[in-house]
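FYI, side chains are in, hydrogens and waters are out, and symmetry mates aren't considered; it's all heavy atoms of this structure. All ligand and atom numbering here is 1-based and tracks the order in the structure.
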Amino acid sequence: MPASLITGWGKCLPPAVLSNADLEGLTDTSDEWITTRSGIKERRISHVETSDLAAVAARHALAAAGRGAEEIDLLLVATCTPDRLVPAAAALVQQKIGAARAAAMDLNAACSGFLYGLAVADQMIRAGSVRRALVIGAEKLHFFLDFTDRATSVLFGDGAGAVVVEASEEAGGLLAFELGADGTAAEILCIPGSGTEGEPSRERRSRVQMEGPAVFRRAVEAMGDASLRVLEKAGVSLEEVDLLIPHQANLRIIEATARRLGLDGSKVMLNLADYGNTSAASIPIALAEALEQGKVRPGALVVFAAFGGGLTWAAAAYRWGARVTPLAASAASLAPVGRSGRELLEPNVLLYGKGV
Ligand code: COA
C-alpha cells in the first residue's frame with residue numbers, strides 16, 4: 001500500500017493588516033488585554049474571496065512540489081467561510097488554477113478542517129483511487145465578525161495554506177491520524193444564521209458566537225488527548241517528537257497543551273501573533289512557515305493538532321521525508337489592495353456597529 005507524502009506547501013496571507021491598536025478604535029479592548037489573553041498582535045483582513053486566497057496558496061504548493069495543476073486528482077478545500085454554499089470553493093479554485101482533472105469538494109470541520117482533509121486525502125491515496133491531492137485550508141473569517149462583541153472579534157483573521165499530497169513508495173509520510181467530534185457542544189462556538197435554519201429572511205444576520213472559557217478548557221483537553229492517541233497509534237513516543245504544529249487559536253491554549261504533553265516550547269511552532277486564528281488555514285500556514293524557517297528537518301517527526309467548532313478535534317503524526325525545500329517557486333500573488341485593514345471592516349461596522 002502506498003504512503004502519502006506532503007511534497008509541496010504554500011500559503012497566502014492577504015496584505016491588509018489589522019493591529020490590536022486598530023481594534024482599540026473598534027471595540028472596547030486593549031492591546032494589553034489581547035496580547036496577554038491570546039498572544040495575538042495583529043491579523044490580516046482579506047480584500048478578496050476565500051477561493052482567491054486558496055488559489056494563490058495552491059499555486060505556491062504546486063510549485064514547491066514541482067507539479068502542474070492538471071496533475072491533481074483531488075482538490076479539497078477545508079473552510080467554514082466558502083465564497084458561496086454552491087458551488088463549493090474547491091470548484092472555484094479548480095477553475096482559477098486550471099486543475100481540470102481534479103474532483104473538487106469542500107469540507108467543513110471548522111478549525112480542524114485541514115487535518116480532516118489531510119486524513120481524507122491520505123485514505124484515498126492509500127486506497128489507490130487518487131495519486132495526487134491538493135489539500136487547502138482557506139478562510140475569510142472577518143466576514144462574520146461583529147465588533148460589538150469584543151470576546152470574538154479580536155481573535156480571528158483571514159488567510160490560506162495548502163499542501164500537495166502524493167502517493168509514494170517511500171517509508172514515512174502520514175503515520176496516523178485521530179479525528180473526533182462532540183456535537184453536544186455545538187452551541188459553544190457557532191455562526192447561527194449562516195445556513196438554512198429558520199425561515200428565509202431579508203434580516204438574516206450571522207456572526208461568530210462563542211463561550212470563550214468553555215472552548216478554552218475543551219481545546220486543551222481535546223488537542224492533548226488527540227495528540228497522545230495519535231502517537232500511540234503511530235507507535236512513536238513523545239520523546240521522539242521534533243515539532244508540534246498546533247492550530248493557532250490562543251497562545252495560552254497552545255502552552256497548556258504543550259505542558260500537558262510535556263513538550264519543550266522550542267518544539268512548538270507559533271505564528272499566531274502575526275495572523276490570529278485563521279481556522280482551517282492556520283495549520284497549513286504554520287507548516288509552510290515552519291519549513292521556510294528551517295524548523296522541519298529531514299526525517300523529522302511532526303505532530304499536528306487542532307480543535308474547532310463542532311466541537312471537532314484532530315491530530316496527525318507525520319514523518320517528514322528527505323526534502324525540506326521547495327522544488328520551485330511561484331510568483332502567484334493577490335490583486336493589490338487599496339484599503340487598510342480597518343477600512344475593509346467598514347461593512348461589518350455598518351451592519352452591527354462598533355463596540356466603543
Ligand atoms: N478586551 C477586553 N476585555 C475583554 C475582551 C476583550 N477583547 N474580551 C473579553 N473581555 C473581558 C470579559 O468581558 C471579562 O470581563 P469581566 O471579568 O468584567 O466579566 C474578562 O475580560 C475576562 O473574560 P474571560 O472570557 O473570562 O477571559 P478569558 O481569560 O477566558 O479569555 C478568551 C477569553 C476568549 C481569550 C479565551 O477564553 C479563549 O481563548 N477561549 C478559546 C477561544 C478560541 O480559541 N476559540 C476558537 C476555537 S477554534
Scan the protein's non-hydrogen atoms and note whether one is under 4.0 Å from [atom].
| atom | answer |
| --- | --- |
| atom 42 (C) of ligand 1 | yes |
| atom 17 (O) of ligand 1 | no |
| atom 21 (O) of ligand 1 | yes |

Quick test: of every protein heavy atom, which one is nearest to [atom], and how far off is it to 0.1 Å?
| atom | value |
| --- | --- |
| atom 26 (O) of ligand 1 | Pro213 CG, 3.9 Å |
| atom 39 (O) of ligand 1 | Asn250 ND2, 2.5 Å |
| atom 15 (O) of ligand 1 | Arg150 NH2, 4.1 Å |
| atom 45 (N) of ligand 1 | Met210 SD, 3.2 Å |
| atom 1 (N) of ligand 1 | Thr29 OG1, 2.6 Å |
| atom 33 (C) of ligand 1 | Trp33 CH2, 3.7 Å |
| atom 44 (O) of ligand 1 | Ala249 CB, 3.5 Å |
| atom 40 (N) of ligand 1 | Gly212 O, 2.9 Å |

**Request:** Enter the distance from Leu5:CG to Ile125:CD1 here, rounded to the nearest 0.5 Å.
**Result:**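 Here the rounded value is 9.0 Å.
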**Request:** Please round to the nearest 0.5 Å and tell me the distance separating atom CG of Leu311 and atom SG of Cys111.
**Result:**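 Rounded to the nearest 0.5 Å, the CG-SG separation comes to 10.0 Å.
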**Request:** Could you go through the side chain to side chain contact (heavy atoms under 4.5 Å, CB included) check for Lys96 and Val93 one step at a time?
**Result:** CA-CA 5 Å; Lys96 285 173 185 170; Val93 175; 5.5 Å; no
For ligand 1, is any non-hydrogen atom under 4.0 Å from [X]'s backbone (N, CA, C, O), its side chain (CB onward), both, or neither?
| X | answer |
| --- | --- |
| Asp28 | backbone |
| Val154 | side chain |
| Phe216 | both |
| Asn277 | side chain |
| Cys111 | side chain |

Counting only heavy atoms not in [X], do more than 12 sit closer than 6.0 Å to its [atom1] atom?
| X | atom1 | value |
| --- | --- | --- |
| Phe144 | CZ | yes |
| Glu187 | CD | no |
| Arg131 | CZ | no |
| Glu70 | CD | yes |
| Leu238 | CG | yes |

**Prompt:** With a cut-off of 4.0 Å, which atoms of ligand 1 are near a heavy atom of Ile253?
**Reply:**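 This gives 41 (C), 44 (O) as the contact atoms.
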For [X] and ligand 1, does the shortest N/O to N/O distance drop below 3.5 Å?
| X | result |
| --- | --- |
| Arg252 | yes |
| Phe156 | no |
| Arg37 | yes |

Electrostatic pair [X]-[Y], nearest N-O below 4.0 angstrom:
| X | Y | value |
| --- | --- | --- |
| Asp73 | Arg101 | yes |
| Lys41 | Asp31 | yes |
| Arg67 | Glu166 | yes |

**Request:** Taking atom types as modelled, find out whether Thr79 and Glu139 have a side-chain donor-acceptor pair closer than 3.5 angstrom.
**Result:**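 Thr79 vs Glu139: donor-acceptor pair found between side chains.
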**Item:** ligand 1 contact by Ala151, heavy-atom criterion under 4.0 angstrom
**Value:**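 Ala151: in contact with ligand 1 (<4.0 Å).
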**Message:** Can you confirm whether Gln248 sits close enough to Thr278 that some side-chain heavy atom of one is under 4.5 Å from a side-chain heavy atom of the other?
**Reply:**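 Heavy-atom side-chain distance check fails, nothing below 4.5 Å.
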